[in-house]
Amino acid sequence: MPINVNMTKARVIHMDAIRVVRNAELAAKDITFMRAVEAGDTDAQATIGTEKQVLRDIPATFSLDGYGDPTALKSAWPSELPARE
């Protein structure tokens, strides 16, 4: 008997995993941003600010709707985040 996967719940779980990695990346960017503030490097601050906004937008801009099976869903990963191991 085949296993029936609730893809709606699977998408939520997968997006939660994406958010965990995204949040870690945001925290790392906070450190580099503060170093840029301390150095008075406004160009770096602007660049990092833009990068952080891209990370914040991932849940709204990265859709998991087109993935109809668990294998395809597992392969879905935003290019803005580090590759999964």
Side-chain angles (χ1 to χ4, degrees):
M1 185 161 136
I3 297 173
N4 187 15
V5 175
N6 182 329
M7 288 306 294
T8 302
K9 286 184 181 180
R11 286 183 192 97
V12 170
I13 291 167
H14 192 65
M15 185 57 76
D16 287 345
I18 289 170
R19 281 187 177 100
V20 167
V21 175
R22 188 252 349 231
N23 291 346
E25 289 297 304
L26 281 169
K29 296 272 182 207
D30 286 343
I31 294 168
T32 56
F33 183 81
M34 290 309 297
R35 288 184 180 146
V37 169
E38 290 170 355
D41 188 344
T42 56
D43 290 338
Q45 290 173 45
T47 299
I48 295 164
T50 301
E51 293 168 352
K52 287 175 65 175
Q53 189 58 52
V54 168
L55 291 171
R56 282 188 209 100
D57 291 344
I58 287 174
T61 59
F62 188 74
S63 176
L64 297 174
D65 292 336
Y67 300 93
D69 65 79
T71 303
L73 182 62
K74 187 176 180 180
S75 71
W77 197 256
S79 61
E80 299 87 359
L81 296 178
R84 291 186 297 173
E85 298 175 3

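FYI, the numbering just counts along the sequence from 1.
A search for side-chain hydrogen bond (donor to acceptor under 3.5 Å, both in side chains) contacts involving Q53 returns R56, D57, not counting sequence neighbours. Every residue two or more places apart in sequence or in another chain was checked for a side chain to side chain contact (heavy atoms under 4.5 Å, CB included) with N4, and none qualifies. Partners of R19 according to the salt bridge (charged side-chain N to carboxylate O under 4.0 Å, His left out) rule, which considers only residues two or more places apart in sequence or in another chain, are D16. Residues forming a side chain to side chain contact (heavy atoms under 4.5 Å, CB included) with A72 (at least two apart in sequence, or on another chain): Y67, D69. With sequence neighbours excluded, no residue forms a salt bridge (charged side-chain N to carboxylate O under 4.0 Å, His left out) with E80. Residues forming a salt bridge (charged side-chain N to carboxylate O under 4.0 Å, His left out) with D30 (at least two apart in sequence, or on another chain): K52.
Looking only at side-chain heavy atoms (C-beta outward), L26 and N23 come within less than 4.5 Å of each other. By the 4.5 Å heavy-atom criterion applied to side chains, I48 and Q45 are not counted as neighbours. Inter-residue side-chain proximity for P59 and R22 is flagged as met; some heavy-atom pair is nearer than 4.5 Å. In this structure, P70 and L73 have side chains that are not in contact, with every pair of non-hydrogen atoms separated by 4.5 Å or more.
For the side-chain contact (heavy atoms from CB on, under 4.5 Å) test with E25, the passing option among V54, L55, I58 is L55; the others fail.
Hydrophobic cluster membership differs between I13 and W77, with clusters built from Ile, Leu, Val, Met, Phe, Trp and Tyr side chains linked at under 4.5 angstrom.
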With side-chain contact (heavy atoms from CB on, under 4.5 Å) as the criterion, how do V12 and K9 come out once you've worked through the C-alpha distance, each side chain's angles and the decisive distance to 0.1 Å?
CA-CA 5 Å; V12 170; K9 286 184 181 180; 5.6 Å; no
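How far CZ of R11 is from OG of S63: 8.5 Å, rounded to the nearest 0.5 Å.
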